[in-house]
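Quick note on labels: first sequence line is chain A, next is B, and so on, each numbered from 1. Because the structure is a prediction, the values reported are computed rather than measured.
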Amino acid sequence: MKETPPDIQRLRVLALSETGFVFDPRTGHSYNVNAVGIMMLEGLKAGLSQEEICSNVRKSFKTGDAEIEEDLSAFLRILKEHGLTDTRGADSPKESVL
Amino acid sequence: MIRKPYERPAMVRNVVGRMNKAGLASGIARRESVEGLSIEKLCAEYGSPLFVFSERRIRSRVREAREAFGRRHPNVTLCCSYKTNYLGAICAIQHQEGSLAEVVSGMEYEKARRLGIPGNRIVFNGPMKTRDELVRAIREDAILHADSLDEIYSIERLAAEMNTKPVVGVRVGVDAGVHPRWDRFGFDLASGQAAQAVRRIAAGGRLTLGGLHCHIGTYILDPGAYSKAAKQIAEFAAEIEKMFGVSPTHLDLGGGFASNNTLGSQYYAGGIAPTIDNYAEAISTALMSAGNGRTRLLPLLIEPGRAIVDDAGTLITTVVSSKSLANGRKGVVVDAGVNLLFTAWWYRLGIETDRATDGLLEETAVYGPLCMNIDCIRESVPLPDLRPGDHLVVHPVGAYAFTQSMQFIRLRPAVVLVNESGVAECIRRAEVLDDLDGPERLPERFKPREEGNRSAPTSRPV
Ligand SMILES: Cc1ncc(COP(=O)(O)O)c(C=O)c1O
């Protein structure tokens, strides 16, 4: 099943530092994110596709046989759990209860 | 370009707590578990409210503190501040990690002894130590820090009676720029009272000088205050060596490091506490650059309380009802109030819920179950539309909340510890009425009459 692309509006307001400190001015929450996470966040903020983000990660990290695509999906779930993305995009249809 | 090793993307939220501000976003993270265990299941098994502690978090904080100081000082020992949380299991974890016990009463002292801590691993502080408590502490070689001249005189008398020469340290009051100053404890340094106390101990012939103790306050957000305190203590140690020819056995810089909580007066939630590294750096640097060669090598004790255990404690509470207040604002009543969260008067505790929401969050007042107007945990916190049976998760509540909890109107709930394998163990059962009634003695004439003769003891008002 193709995942709904995340709504990245909320990510745009995040302040990221190279050291991995992320601040969300909307909620006042701060986070620590590792280097791969920061690269993914930057890619998401810039509106890159998931393929482009994964390819950037491969260029910058010794990824070996890591499942970057799966990890990115997992990271998107983490962002969602933190309330930083929302897959219910404005124009995506509301899930039916029927 | 050197390619760094890949690690799976990770994101850890630093702080629990929410900004108190209008213009709320919809959708907050739903919280269905505490320390990896289902809230629903925990409540089903142990009841609600429920305190949940994490063994892993306590151990990792102790290790973090130990390593932060260990990297910078040759001889540091942590002490477990009993008053912060003297649940046996919580103290025992810290003792397993090598911490001494830091107690401020005979009751706490006995608790430490029952955990198998010998007297010589108990630091006995505080403004009140009874004669019996002192006798025991002397007999068991406890690490005593005297708080007043009267106490020193008492110890001298006991020394004579017991025909021994106890080792007695002094609590020193310094101006570290902290307001309000905790100047009611110990002996003021600047006015010469600390020197007087040391002279009495060193020259009085009945006692031997122990350590120099100092605890500048609590939730100290400025590590610089510790630099000031440590410098003065180190210089004082060097000075008494010159003046009286004695050297303290150790220096004890007390506790007071801030935890990752949010003060009531803070605008943004959390995130303002310095790291333990910051405090360790401030204290160690000051100790290593002040005093003399000998004072630099004196064993150092540290007594952090809230910085170690605050984050490890969570309170699960259940919504009883939800209502609109007179001004239209939302309010919920939950089954835990200031009887269990004394700290709510001081902290803006983080509150999350297990209710899923895609609607708007509303500013909601969270009230406890006491029939008292003061029973409010948070005046205003953005929450979804809560229903009876929903849970709120209050965090961090590991420090002082339990030890300061009141058996007022309601009995205290159970406490569980989630061990390192992720399994919950009950470390304190929920109280029953007998725990409260046990010490009471009801005069015979007030006792209800036997079955079969059940007229009320007093006549009923009409
Ligand atoms: C002598 C002494 N040591 C340690 C502590 C622990 O303080 P905190 O929890 O602020 O670290 C206290 C608390 O008041 C104290 O009085």
Any side-chain heavy atom of B:Tyr6 within less than 4.5 Å of one from A:Lys62? no

Nearest 0.5 Å please: distance from the CG atom of A:Asn32 over to the CE atom of B:Met11. 9.0 Å

Just by modelled atom types, is the A:Glu81 backbone N or O under 3.5 Å from a matching donor or acceptor in the B:Arg30 side chain? no

B:Asn260 CG to A:Ser30 OG distance, which is reported to the nearest 0.5 Å: 8.0 Å

Can you tell which of A:Val33, A:Asn34, A:Leu84 has the highest number of heavy-atom pairs within less than 4.5 Å of chain B? A:Asn34

Taking NZ in A:Lys45 as the centre, count heavy atoms belonging to other residues, nucleotides or ligands within less than 6.0 Å. Is the count above 12? yes

Pairs of heavy atoms under 4.5 Å with chain B: top-ranked of A:Leu72, A:Val57, A:Ile38, A:Ile68: A:Ile68

Kindly check if the number of other-residue, nucleotide or ligand heavy atoms within 6.0 Å of CD (B:Glu97) is above 12? yes

Mind checking whether B:Arg3 and A:Phe61 have side chains closer than 4.5 Å, heavy atoms only? no

